[in-house]
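Down below is the structure, laid out as structure tokens.
No experiment lies behind these values; they were computed from the predicted model shown. Note: hydrogens, waters and symmetry copies are ignored here, and every other heavy atom, side chains too, is used.
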2 protein chains.
Amino acid sequence: MKNYTLEEAKGILLKDFNIDLHEHIAIFQSVINHVTVSIFDNRDHIVRASDTITRLHILLYGTAKISLTHEDGGSSIIYFLKPNEMIGELTLLGIEQNPKDVIAIGKCICLSIPMDIAEITLLHDPQFLLAVSRYIGTKLLDRTWFSVKQQHYSLKPRLAAHILLCACDGLYNEKHTQTAEYLAVSYRHLLHTFRELREEGLITKEKKGYSFNRESLEQLASQLD
Amino acid sequence: MKNYTLEEAKGILLKDFNIDLHEHIAIFQSVINHVTVSIFDNRDHIVRASDTITRLHILLYGTAKISLTHEDGGSSIIYFLKPNEMIGELTLLGIEQNPKDVIAIGKCICLSIPMDIAEITLLHDPQFLLAVSRYIGTKLLDRTWFSVKQQHYSLKPRLAAHILLCACDGLYNEKHTQTAEYLAVSYRHLLHTFRELREEGLITKEKKGYSFNRESLEQLASQLD
DNA sequence: TCCAAAATGTGAGATATCTCATATTTTAGT
DNA sequence: ACTAAAATATGAGATATCTCACATTTTGGA
């Protein structure tokens, strides 16, 4: 993990990642001179469950996972974070009881400000508060939909939806281990279901991932709506 | 369902339900002259998924369930609402895409104000916005914990936790049909698990519900933490 | 008080999913 | 280029949970 000032970061971000910072810092406008930029590598902890959370982040680039380790040693992926999502907002609000691990999947870039600065400014800023309400509310709805579907339908249609969701240029290419944790099934069972989809001709294994028959997958996934 | 003005309601609430309104209207102070009180009977719809939502409610008394009907005809209980919880706040924030049914379980009493009044006042009130952020954030954490546990552990320990949570004066007395929907298992399987708990001596059927060995249930449920 | 609807209860067989053991292939770091 | 770790893959048997069919009991209204 490397840290940069906003000034240092501007050049790097624009050159190497084609990110224009101006689009992203609106929400931090009132605390702009406290903003720094951090670049994380694959598997770096952005937040460690066991540590005190000292900064409020916004993910600019990359994907991160929030995950939780159970008493029995197993773990669950709770959420995949995508660009423009916040990290630490529930701690800022003073309601997070059981912090979770946030881990970079591939390279990740975050804006961040110190938590104590956020507390004395953002918590009184109606614009920020409305934005954060909407953000958390949307997550609540997403999570509700996801978990209701998860508990009501078997893996096959959920996997179909997941493949469609993750596919990039018509190719699904996620790690089965991650998918199994996210869909909360055993690795073995996930593989079994992948085979079913293959045998039914809905997906085909290629060198770089799985290609698929979009219409058939969509039809399978449509029962979730 | 019956509606009352705040003035009309004061007497009824204090006399019949021992509710002192003053404790509850703080959050609506700025729109106090638009507040009305509604009393719902068992199985009344407080909100109907198919209708436009025109009021923002706060539940004062009773229990209500939020539930959703699946494409395949089955249904899931998403959440049990308890006193001091809001109904319609996600609609107020403009982010609710798929409204759900909210149904009274037994008698329910709500404060409410028209949604359009809420939009022009509460959405700019930092105190309200902070309160609503915390409220929704807490729900997000509850729901996350619940669904992660739900998908990772079998019914037995979850049922133990549920019995402890619902028990009143050492007696569990919920409808099995409701419990099955909430814990997202078939009625048949729920009964099967109840029998297991009975045969292992953790619970005992009484005339008015189930009594239980608290320590044993707590030990069973403790693996969820 | 009576009836219809809801809730409770049980059996049997089907299916989804898990656990564990083990082998091969791919990936990342030095 | 080599090696250890991670990811992929498969089989076999166990378990959790579901579906359906059916009988009995309780409950809420007219």
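Atom-to-atom, CG of B:Leu190 to P of D:dA16 comes out at 15 Å; the value is rounded to the nearest Å. Spacing between atom CZ of A:Arg43 and atom P of D:dA5 amounts to 12 Å, rounded to whole angstrom units. Summarising the geometry, the separation between CD1 on B:Ile105 and P on D:dG28 is reported as 14 Å, rounded to the nearest angstrom. What separates OH of B:Tyr187 from P of D:dT25 is a distance of 14 Å, to the nearest Å. Residue B:Glu181 contributes atom CD, which lies 9 Å from atom P of C:dA7 at whole-angstrom precision. Between the NE2 atom of B:His189 and the P atom of D:dT19 there is a distance of 12 Å, given to the nearest Å. Going from atom CG of A:Leu191 over to atom P of C:dT17 covers 14 Å, rounded to whole Å. At whole-Å resolution of the value, NE2 in A:His192 and P in C:dT15 are 12 Å apart.
Counting only N and O atoms by type, the side chains of A:Gln150 and B:Gln151 include a donor and acceptor under 3.5 Å apart. Side chains of A:Glu206 and A:Ser211: a donor-acceptor N/O pair is present below 3.5 angstrom, by distance only. For the residue pair A:Lys82 / A:Thr63, a side-chain donor-acceptor distance below 3.5 Å is found, with atom types taken as modelled. Counting only N and O atoms by type, the side chains of A:Arg198 and A:Thr204 include no donor and acceptor under 3.5 Å apart. With no hydrogens or angles considered, no side-chain donor-acceptor pair links A:Glu174 and A:Tyr182 at under 3.5 Å. Side-chain atoms of B:Tyr135 and B:Glu85 form a donor-acceptor pair, as typed in the model, at a separation below 3.5 Å.
Heavy-atom distances under 4.0 Å link DNA chain D to A:Lys175, A:His176, A:Thr177 of residues 168-179 of chain A, given in residue order. Heavy-atom distances under 4.0 Å link DNA chain C to A:Ser154, A:Leu155 of residues 150-158 of chain A, given in residue order.
A:Thr179 contributes no side-chain N or O that, together with a main-chain N or O of A:His176, makes up a donor-acceptor pair within less than 3.5 Å. Proximity of a side-chain donor or acceptor of A:Asp16 to a complementary backbone N or O of A:Leu13 within less than 3.5 Å is not detected.
Ranked by how close their nearest DNA chain D nucleotide is to the 5' end, B:Asn42 and A:Arg195 are led by A:Arg195.
Aromatic rings of A:Phe212 and A:Tyr172 (six-membered ring for Trp) have centroids beyond the 6.0 Å cut-off, not under it.
No hydrogens or angles were tested; on distance alone, a donor-acceptor pair under 3.5 Å links the side chain of A:Arg188 to the base of D:dG11.
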